[in-house]
Amino acid sequence: MAKESTIRTPIVCVMGHVDHGKTSLLDRIRGSSVVSTEEGEITQHIGATLVPIDAVTRMGGALSKVSVNVPGLLFIDTPGHHAFTTLRARGGALADMAIVVVDINEGFRPQTIEALQILRNYKTPFVIAANKVDRIHGWRVQENQPFLKTFAQQNERVQGMVETKVYELVGKLSDLGFNSERFDRVSDFARNICIVPTSALTGEGLPDILMVLIGLAQRYMTESLKVSADGPGAGTVLEVKEERGLGMTLDLILYDGTLKVGDEIVVAGNDQIIETKVRSLLKPRPMSEILIEERFERVKSVTAAAGIKVAAPKLDGVIAGSPLRAVRSGNRDEVIEQVRREVQDIEVNLSDV
Ligand code: GDP
């Protein structure tokens, strides 16, 4: 019987040159998670932040061009190339898409170019955040507004400056072999890279960045994002950590299927494959419940895509970046072989960096 497939949340990595605003952009996206934990709100996962589609819509990004069936966006909280290249899934990158942050006033720097080369190699769709637009002299801040709204409020000189800076980026991207345009002038995401002027400090342009990512997912990836939600869980280990009262734990990005308490899992250790059983699955407690002693909330199961903490026996020596796979219906040998193959691939990759 064919299992029903659903489209999972795409995983997004933030890249770009140091100090151009990667961390600030992620912080700004995360910022709204503190206030509410209602359905459809931005929520903190382990090592990641989930922005559901309702939150994107509420921010007012122009979604009119896209018919949305992507459930939202899962941002990996660790920015940078290293996270992108070392976090892998089935031989490719764990991240399905990327934001390349570039300081609009400084333009491209070595790590910007490096990021673009990496994304080209992996054939990963991306959007350019032309960040720090608020630093343009005379800019009038309109907190959290979509770009076109705030742009319309700027005086002619400032508008002209934004245009000039964006065209400098278009020129640089063209030198590197990419066609690009300001996002509101792009009608086909397959032909042009979208440039979105943003401010990680004021939130301006952020609704549009999220909207473009949804559009990219819709345009490129609805096939590759199809997962069987009730299939065995598959994920990538972000970090291996000892936690008080829990022992050794894995911070995991789950990118396929469902992981349940009691599932048999296979992960890669330093020099051997480790088989163990999920003892508990933990997510961060909402901020509103911060007074409760226990930092984590226990859940019985979790469905991709999600960031989750896994507690289990025998996790000593698990390597960061390792694949994790759940065993179902007696396919143990097959799963062990898969993990073994995937770990060889990350070892090759780790020695490259
Ligand atoms: P990263 O190294 O790429 O992660 O850069 P950070 O996010 O740490 O930002 C570097 C500096 O630039 C910090 O002082 C930020 O406050 C500042 N910054 C980042 N984004 C913006 C922005 O959009 N506008 C302004 N004015 N400053 C920003």
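Counting convention: from 1, in listed order, for ligands and their atoms alike. Fair warning: this is a prediction, and the values are worked out from it, not measured in the lab. As a basis for the values below, the full set of heavy atoms in this structure was taken, side chains included, without hydrogen atoms, waters or symmetry mates.
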- Task: Could you tell me whether Arg182 sits above the aromatic face of Phe151, with NZ or CZ closer than 6.0 angstrom to the six-membered ring centre and within 45 degrees of the axis?
- Result: yes
- In the protein, which heavy atom is nearest to atom 15 (C) of ligand 1, and how far is it? Ser24 OG, 3.6 Å
- Task: Measure the distance from atom 5 (O) of ligand 1 to every protein heavy atom, then report the residue, atom name and distance (to 0.1 Å) of the closest one.
- Result: Gly21 N, 3.1 Å
- Any side-chain heavy-atom pair from Phe108 and Leu173 closer than 4.5 angstrom? yes
- What's the verdict on side-chain hydrogen bond (donor to acceptor under 3.5 Å, both in side chains) for Thr303 and Thr258, showing C-alpha distance, side-chain angles and the deciding distance? CA-CA 4 Å; Thr303 299; Thr258 295; 3.0 Å; yes
- Item | No-hydrogen, no-angle side-chain donor-acceptor test under 3.5 Å, Asn155 and Arg140 | no
- Task: Identify, by atom number and element, the atoms of ligand 1 in contact range of Ser199, meaning under 4.0 Å from any of its heavy atoms.
- Result: 22 (C), 23 (O), 24 (N)
- Is a side-chain N or O of Lys22 found less than 3.5 angstrom from the main chain of Gly16, in a donor-acceptor match? yes
- Asn192-Ser180 side chain donor-acceptor pair, cut-off 3.5 Å: no
- Message: Go through it in stages, so that I can follow the logic: the residues are Thr249 and Lys241, the test is side-chain hydrogen bond (donor to acceptor under 3.5 Å, both in side chains), and I'd like the CA-CA distance, side-chain angles, deciding distance and then a yes or no.
- Response: CA-CA 5 Å; Thr249 66; Lys241 274 190 206 159; over 6 Å; no
- Note on the structure: protein heavy-atom neighbour closest to atom 11 (C) of ligand 1 works out as Lys132 NZ, 4.0 Å
- Query: Right, does atom 2 (O) of ligand 1 have protein non-hydrogen atoms nearer than 4.0 Å?
  - Reply: yes
- Item | Min N/O separation Val133 to ligand 1 under 3.5 Å | no
- Would you say Leu25 has any N or O atom under 3.5 Å from an N or O of ligand 1, going by distance alone? no
- Message: Applying a heavy-atom cut-off of 4.0 Å, say which part of His20 lies close to ligand 1: side chain, backbone, both or neither.
- Response: backbone
- Task: For salt bridge (Lys or Arg N to Asp or Glu O under 4.0 Å), just list the numbers for Glu204 and Lys149, CA-CA rounded to whole Å, side-chain angles, deciding distance to a tenth of an Å, and then say yes or no.
- Result: CA-CA 9 Å; Glu204 289 163 294; Lys149 269 202 179 151; over 6 Å; no
- Note on the structure: atom 10 (C) of ligand 1 has as its nearest protein heavy atom Asp19 O, 3.5 Å
- Message: If you take the nearest heavy atom of each of Leu206, Val18, Leu201, Asp103, which one is closest to atom 27 (N) of ligand 1?
- Response: Leu201
- Query: Of the protein's non-hydrogen atoms, which lies at the shortest distance from atom 4 (O) of ligand 1, and what is that distance?
  - Reply: Thr23 OG1, 2.5 Å
- Message: What protein heavy atom lies closest to atom 23 (O) of ligand 1? Include the residue and the distance to one decimal.
- Response: Ala200 N, 2.8 Å
- Nearest to atom 26 (N) of ligand 1, what protein heavy atom do you find, and at what distance? Asp134 OD2, 2.8 Å
- Query: Which protein heavy atom lies closest to atom 20 (N) of ligand 1, and at what distance to 0.1 Å?
  - Reply: Asn131 ND2, 3.2 Å
- Task: Please determine which of Arg325, Arg332, Lys314 meets the salt bridge (Lys or Arg N to Asp or Glu O under 4.0 Å) test together with Glu275.
- Result: Arg332
- Task: Would you please indicate yes or no on a ring centroid separation below 6.0 angstrom for Phe178 and Phe126?
- Result: yes
- Item | Short N or O distance, Thr198 and ligand 1, threshold 3.5 Å exclusive | no
- Task: May I ask you to list the atoms of ligand 1 that are less than 4.0 angstrom from any heavy atom of His17?
- Result: 3 (O)
